[in-house]
Amino acid sequence: MLKKLIAICALFFITINAHAALQLQITGGINEGRKIIVLPFEQPNLGVDVSSVVSADLMRSGKFSPIVQSQLPRNYLDAQNRLNLDVLAQTNAEALVIGKVYLDGDKYQVEFQLISLAANQRGTILEHRRGASSIQTMREAAHRVSDRVFEKLTGIKGAFRTRIAYIVYKHNDKFPYQLMTADYDGFNETPVLKSTEPVMTPNWSPDGKRLVYVSFESRRPAIFVHDIYTKKRTKLASFPGLNSSPVWSPDGNKIAMTLSKDGQPDIYYFDLTTRRLQRVTNSPAIDTEPSWSYDSQTLYFTSERGGRAQIYSYNFANGKTQRVTYQGSTNLSSKAIPDSNALIVITQHQGYRVARVDSDGSVYMLTTSSLDESPSVAPNGTMIIYSTVYQGRKGLALVSADGRFKANLPSTQGEVSSPAWGPLTAN
Amino acid sequence: MKTNLWQALSLVLGAVILSGCATDPNAGSNSGVLVEDGSYNNGGYMQQGEVQTGLDPDGSITVSNDYNAANNGFTGPQNLRDNNTVYFKYDSDQILDDYIVVMQSHAQYLRDNPDSRIIIEGHTDERGTPEYNIALGERRARSVAQYMQNLGVDINQLSIVSYGEEKPAVIGHDENAWSKNRRAVINY
């Protein structure tokens with residue numbers, strides 16, 4: 001067999017310490033993904049090891065199991081420092097990512113190639129791209145490499161350049177309740193709001209510029225819209241009783257919420273176009289936790305109208321309400337999955353667990369923990385971030401939509417809750 | 001000794017640009033339901049102290065409200081200050097017999113002092129979802145308010161607020177903490 005040899009220059013093996021507000025501890029599914037090799041990029045020390053970021057992204061997607069450097073065959077480089085793809089292919093990896101970062105004027109160029117290791121197209125360059133980045137945006141540039149590789153191999157858009165919002169509770173802080181945003185992997189944490197009183201349920205505008213949340217700063221719950229760039233805040237609702245669970249419609253035109261101003265909690269939405277508040281449900285039981293379908297045509301919500309809490313849907317086109325979940329004694333916090341008829345819920349089963357309800361109504365448990373809440377689905381539908389209690393502390397966790405990959409994201413300080421995955425905004 | 005590896009076709013990736021247009025929720029309201037920065041009158045609900053806002057050196061907005069100062073202002077009988085909490089069973093808003101005495105003594109004081117007003121805070125343990133727990137906390141607060149009314153307290157002396165699971169009395173993730181957190185608190 002013809003050996004395909006590709007030469008590369010000296011490889012720099014760099015260890016870099018960078019700090020994420022949320023660490024990653026993988027608890028399941030590490031070896032079940034598609035095998036891929038990400039070789040260390042040829043790069044100067046920039047504070048970011050690009051190949052480590054790419055490797056971690058691909059692993060965290062739940063779809064890939066990058067092979068760690070120490071498990072590569074020793075002889076994959078020949079005496080002239082050339083890559084032997086046949087040797088690398090012995091690992092059963094389907095593809096290889098190589099790349100480099102180099103100075104180009106006052107910027108750096110990040111360049112990578114995705115090379116097939118499959119027997120029938122070994123050596124074929126599947127993707128080769130280059131892009132400029134400053135040192136400050138190097139993590140983002142690395143996530144962009146991950147996005148390209150992920151999309152090329154899966155056909156699904158990568159969601160590695162997304163932000164998450166969450167609440168950190170620091171018991172002894174002057175402002176114990178803190179609303180933060182961070183990269184989806186916990187890096188670049190940015191405080192948005194700090195309060196002496198509770199802050200709840202942040203949710204993103206579809207353009208990723210604003211957050212809507214509940215704040216008790218005036219000692220009563222009020223819903224605020226907060227522009228994270230201009231820092232301008234607007235109070236949207238502060239009715240007697242509950243003002244809770246604000247959620248922005250994917251088309252950007254409406255904000256659904258739960259209000260109890262007319263008695264029991266019911267679902268309403270504020271129409272940002274007509275600037276009117278519309279009532280959606282009117283039932284003597286608790287209706288809460290509105291969430292939108294991706295076409296903004298259906299509102300899902302939790303209702304106790306049938307006895308215990310179950311998921312219902314309201315269709316804007318025909319004005320009809322119907323029950324969605326039947327399996328499980330209690331289902332809460334429904335979230336739609338993009339390009340899918342399935343829903344993510346919190347189901348009561350030996351505690352509260354993240355589960356997926358498929359279109360045939362069957363419930364598939366995704367976790368085995370007991371205090372899960374606030375699930376939020378990645379904008380490409382592959383992962384769910386939620387909060388749970390892990391080793392005696394409330395923190396965030398990730399599970400893939402197929403339940404295979406699981407990881408905890410323990411925080412460096414405080415108890416973390418209410419994660420909300422932001423939209424895909426960059427190209 | 002770089003090779004033709006890097007001479008293949010390359011596509012230049014542009015920088016991320018976060019820009020674009022969107023609807024502006026800050027525009028004025030003509031429906032009367034939108035609250036414009038506190039201009040809405042919350043019919044009969046008490047205003048609870050001043051909100052101080054500021055800008056932290058880290059760029060975040062800070063908001064504070066001196067909860068303790070506002071709640072420690074009550075100078076009524078020590079007995080009422082010491083016994084102001086009603087506990088509940090899991091997922092329940094039913095008043096337990098053990099706490100009827102607590103409510104009776106507060107009801108007596110409110111009847112004797114018609115200018116006094118209370119806020120009943122509803123709280124839950126952390127099990128279940130935050131949104132559901134906010135609704136459950138409201139039911140607990142209402143349950144206490146209803147009981148006080150039945151004891152002859154004027155409705156205008158009562159207001160309620162639910163904190164759900166957001167303000168635990170005891171930090172912890174077991175029944176020990178949960179049983180202390182499923183509560184309604186009477187503040188003057």
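Within every chain, numbering begins at 1; the chains are lettered A, B, ... in the order of the sequence lines, protein sequences first and strands thereafter. Values below: all heavy atoms of this structure, side chains included; hydrogens, waters and symmetry mates excluded.
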If you draw a 6.0 Å radius around CD1 in Ile155(B), do more than 12 non-hydrogen atoms from other residues or ligands fall strictly inside? no

Contact class of Leu242(A) relative to chain B, heavy atoms under 4.5 angstrom: both

In terms of heavy-atom pairs under 4.5 Å with chain B, which of Thr288(A), Thr330(A), Val389(A) leads? Val389(A)

Can you give me the closest heavy-atom contact between Arg233(A) and Ile61(B), atom names plus distance? CG-CD1, 4.1 Å

Among Ser244(A), Ser374(A), Ser215(A), Gly392(A), residue most engaged with chain B (heavy-atom pairs, under 4.5 Å): Gly392(A)

Decide yes or no for Val161(B) and Phe216(A): does some side-chain heavy atom of the first lie under 4.5 Å from some side-chain heavy atom of the second? yes

Top of Ala141(B), Gly128(B), Ala135(B) for chain A proximity - count of heavy-atom pairs under 4.5 angstrom: Gly128(B)

For Glu415(A) and His173(B), test the side chains for any donor-to-acceptor distance below 3.5 angstrom and give the result as yes or no. yes

Quick one: does Pro130(B)'s side chain get under 4.5 Å of Met200(A)'s, heavy atoms only? yes

Are the charged groups of Lys394(A) and Glu165(B) less than 4.0 angstrom apart, N to O? yes

Is it the side chain or the backbone of Ile134(B) that comes within 4.5 Å of chain A heavy atoms, both, or neither? both

Between Leu193(A) and chain B, with a heavy-atom cut-off of 4.5 Å, which part of the residue counts as in contact: side chain, backbone, both or neither? both

Considering non-hydrogen atoms only, spot the tightest contact between Glu166(B) and Tyr177(A) and give its length. O-OH, 2.9 Å

Taking it one step at a time, do Val63(B) and Phe175(A) satisfy side-chain contact (heavy atoms from CB on, under 4.5 Å)? CA-CA 8 Å; Val63(B) 286; Phe175(A) 301 104; over 6 Å; no

At what distance, to the nearest 0.5 angstrom, does CG of Leu332(A) lie from CG of Asn133(B)? 9.0 Å

Minimum heavy-atom separation for Pro198(A) and Lys167(B), please, with both atom names. CG-CG, 3.5 Å

Heavy-atom pairs under 4.5 Å with chain B - which of Pro206(A), Pro265(A), Gly263(A), Pro176(A) has more of them than the others? Gly263(A)

Nearest non-hydrogen partners of Ser218(A) and Val51(B), listed with the distance: CA-CG2, 3.7 Å

Restricting to non-hydrogen atoms, name the atom on Tyr163(B) and the atom on Arg219(A) that form the minimum distance, rounded to 0.1 Å. OH-O, 3.7 Å

Output for pair (Ser60(B) OG, Met180(A) CE), nearest 0.5 Å, gives 7.5 Å

If you count heavy atoms of other groups shown closer than 6.0 angstrom to CG of Asp98(B), is the number above 12? yes

Assess whether atom CD of Glu175(B) is packed by more than 12 heavy atoms of other residues, nucleotides or ligands within 6.0 Å. yes

At what distance, to the nearest 0.5 angstrom, does CZ of Arg308(A) lie from CG of Asp91(B)? 6.5 Å

Would you check if the side chain of Thr196(A) reaches a backbone N or O of Asn65(B) as a donor-acceptor pair within less than 3.5 Å? yes

Looking only at Gln264(A), Glu304(A), Gln178(A), the option with the highest number of non-hydrogen pairs under 4.5 Å against chain B is Glu304(A)

Give, as side chain, backbone, both or neither, the part of Glu126(B) having an atom under 4.5 angstrom from any heavy atom of chain A. both

Would you say the side-chain atoms of Lys231(A) pair up with the backbone N or O of Gly59(B), donor to acceptor, closer than 3.5 Å? yes

Report, as yes or no, whether the 6.0 Å neighbourhood of atom NZ on Lys170(A) holds more than 12 heavy atoms from other residues, nucleotides or ligands. yes

Donor-acceptor pair between Ser260(A) and Glu138(B) side chains, under 3.5 angstrom: yes

So do the side chains of Ser418(A) and Glu131(B) get within less than 4.5 Å of each other, counting heavy atoms only? no

Tyr169(A) and Ile171(B): side-chain contact (heavy atoms from CB on, under 4.5 Å), yes or no, with the steps? CA-CA 11 Å; Tyr169(A) 177 68; Ile171(B) 306 287; 3.6 Å; yes

Heavy-atom distance under 4.5 Å to chain B: side chain of Ser195(A), backbone, both or neither? both

